[in-house]
2 protein chains.
Amino acid sequence: MKKKQNVTLKELANALNLSVSTVSRALNDHPDISETTRNKVKQLAEKHNYVPNLFASGFRSHRTHILGVVVPNISHYFTTTVLKGILEEGENLGYRVIISESKNDEKKQSEMLQTMMQFGVDGVLLALSRKTKSVDDILKVINRIPLVMFDKVSSKIPCTQVVINEEEAAYNAVEHLINTGKRRIAIIKETEGSFNSEKRYQGYLRALSEHGLPIDEKIILSTEDISLTKGRMMANILLSLKKRPDAIFAITDSAAIGVIKALNKFKVKVPEEIAVVGFSNSASSTIINPSLTTVDQPGNKIGRTAVKYLIDEIENPKEDATTKTIEIKTNLIVRDSSFKV
Amino acid sequence: MKKKQNVTLKELANALNLSVSTVSRALNDHPDISETTRNKVKQLAEKHNYVPNLFASGFRSHRTHILGVVVPNISHYFTTTVLKGILEEGENLGYRVIISESKNDEKKQSEMLQTMMQFGVDGVLLALSRKTKSVDDILKVINRIPLVMFDKVSSKIPCTQVVINEEEAAYNAVEHLINTGKRRIAIIKETEGSFNSEKRYQGYLRALSEHGLPIDEKIILSTEDISLTKGRMMANILLSLKKRPDAIFAITDSAAIGVIKALNKFKVKVPEEIAVVGFSNSASSTIINPSLTTVDQPGNKIGRTAVKYLIDEIENPKEDATTKTIEIKTNLIVRDSSFKV
DNA sequence: CTGAAAGCGCTTACAG
DNA sequence: CTGAAAGCGCTTACAG
């Protein structure tokens, strides 16, 4: 099939007996150009459906107006809400967005960052892959272009980081359980302390200690890859204890849902015998029965905020590295799994 | 912060006392270049961490190696699995991918297509926004660059289309219900016959008629925006009928889950009194209780297939328009909502 | 086997 | 107010 070629400045210039420079300026509303000329040019451009070759101009000006995003997994609901925010705000501010997945693989993550750079993106948004050992490749990026991290971050990387108030959110969740009368609260967290898991765990510990409750290692469970299945397994372990917990705080919704499934199976009453709280407010949290009390993570806002900071750094380059951390507030959403009216 | 500049061909050439042409050829393994030279060049390039400016070469060669994707909504689980497939396969074949959302808005969709073209993508992957009235803007795209549609397609657009066997999948789902002894099967579909809804409806009709079952308008329900809430509402309507159905086929999982929630609420036994079947095999289908019988849509495969066809069209341009439709097979996943062991 | 030169489509400092 | 020209970093037909 024959593809129509795009009209170029040169063609417009020839047709109008003007120079390429003048046509370019006319289209860009340069003040030097007379209104007559400008109108003539714009009319013809309109007529021929002229679209500027962003590639040429981007190449010329060393700016591509593309942002690169690297996330561990594109199909987590929370991640999609962040991406939506990035897409929307990026677009508002005149940027296209390239999205890629690291599949939670450090090597893959480095590759993606490399390709993005090669491609000439103006800046990068990054949520770290799990178990990222070496941050060298990320530091290399920072040396060349602005980088903003979100959600899965690391203090080893000197850049702007947009996160939620992980510690406080966990604190509030656990405090809510305490307020409903629970005294023996278990936690299910990750083995290798990721940033998020670690902060949530700290919030848990602080809530217990500030309310004078003992910390019992037996009901502090860790798992490598936290998931629904693992949640179910951990619940089985907790049910087999001589002194069962009266509440379980899982640091992800999927684990919490696994917990509820296990409790349902053994006819343990939720929340009367054991209450459950998750983290993320995923779509499934209202599908499970009883519906899940959980922390709402405002993904859209996180995405928008991260983009704004990134574009600001792109458009107003600073001499020295920015290393501020922006915390986005979360809300606890109380549902039947912790408190029935 | 100071950003390091990328090394250019010219700089390498100067350092080695060679011409830019030779350096370029050496790096691209051009057969003309002597091995000695090639090695020298490659070593220096390596040392200085040379990365080619894809922008410049893409610009030069009129090829950007970027694909554009436009989908109605990035956060549907099914969509993310398709995107994963696109990302993976695209990457394998050496392409980057730009993703954008039309938000089910026709105007927005046109805008996104326009920007993608302006940006110089080599090809476009499109899932149509709901209620796309005019396909003019899409035809304009086809005139310039290859376009492949998937999932939400339209016969009005002459291009390669990758879909699932919608009609057959629905037929199989309904036949399964008939095989389990159900005789009065309701359907919940969309009011405005989208491609998908229409095909699934046809499969429903064919299953009933081929098994000699009557078609009853009273249990054929339509809704504008099919959703969990709407599924719940439709279930209420069906429960209020004098002659209740003994099975409900909802053309989306979310509606099916709404149906189950309503049935649970009214203590209707699922599947004994009323069986339920959905469509998509979304994550929530195993969270709801009883777990949902549903059609598994292989999103990853759809994405991969669509990319392959698109890249083939990019790299081997044909004289005349391709208009084939590729159907990807689906499987019915039988769970407790239709058949308990 | 290597180099000089043109050109991809655009922007912009310089000149008039 | 308008134009000629250089240049962004690369590739490639042409010459030697």
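Between the side chain of B/N28 and the backbone N or O of B/S24 there is at least one donor-acceptor pair closer than 3.5 Å. Of the possible polar contacts, one joining the B/E101 side chain to the B/I74 backbone as a donor-acceptor pair under 3.5 Å is found.
Taking a cutoff of 4.0 Å between a charged side-chain nitrogen and a carboxylate oxygen, B/K108 and A/E91 qualify as a salt bridge. The pair B/E88-A/K103 meets the salt-bridge criterion, since a charged nitrogen lies less than 4.0 angstrom from a carboxylate oxygen. Salt bridge annotation for A/K156-A/D136: absent, with no cationic side-chain nitrogen under 4.0 angstrom from a carboxylate oxygen. Salt bridge status for A/K133 with A/E106: absent, with no side-chain N to carboxylate O gap under 4.0 Å. Between B/R96 and B/D122, none of the side-chain N atoms (NZ, or NE/NH1/NH2) sits under 4.0 Å from a carboxylate O, so this pair counts as no salt bridge.
Checking the phosphate oxygens (OP1, OP2) of C/dT2, no side-chain nitrogen or oxygen of B/T22 falls inside 4.0 Å. Put simply, B/S21 has no side-chain N or O that comes within less than 4.0 Å of OP1 or OP2 on C/dG3. Between C/dG9 and A/Y50, no contact under 4.0 Å exists linking OP1 or OP2 to a side-chain N or O.
B/R25 places its CZ atom 10 Å from the P atom of C/dT2, with the value rounded to the nearest Å. A/L12 places its CG atom 16 Å from the C1' atom of C/dT11, with the value rounded to the nearest Å. What separates CG of B/L9 from C1' of D/dG7 is a distance of 15 Å, to the nearest Å. For the pair A/L27 CG and C/dT11 C1', the computed distance is 12 Å after rounding to whole Å.
B/L93 is listed as a side-chain neighbour of B/E89, based on a closest heavy-atom distance under 4.5 Å.
Checking A/P72, A/S129, A/S100 one by one against A/Q109, the side chain to side chain contact (heavy atoms under 4.5 Å, CB included) holds for a single residue, A/S129.
Remark: B/D32, B/I33, B/S34, B/T37 in residues 28-48 of chain B come within less than 4.0 Å of DNA chain C through at least one heavy atom.
Remark: DNA chain D forms stems of 3 or more consecutive Watson-Crick or G-U wobble pairs, all pair distances under 3.5 Å, at C:1-3 with D:14-16, C:5-12 with D:5-12, C:14-16 with D:1-3.
Within 4.0 Å (heavy atoms only), B/S24 reaches at least one base atom of the nucleic acid.
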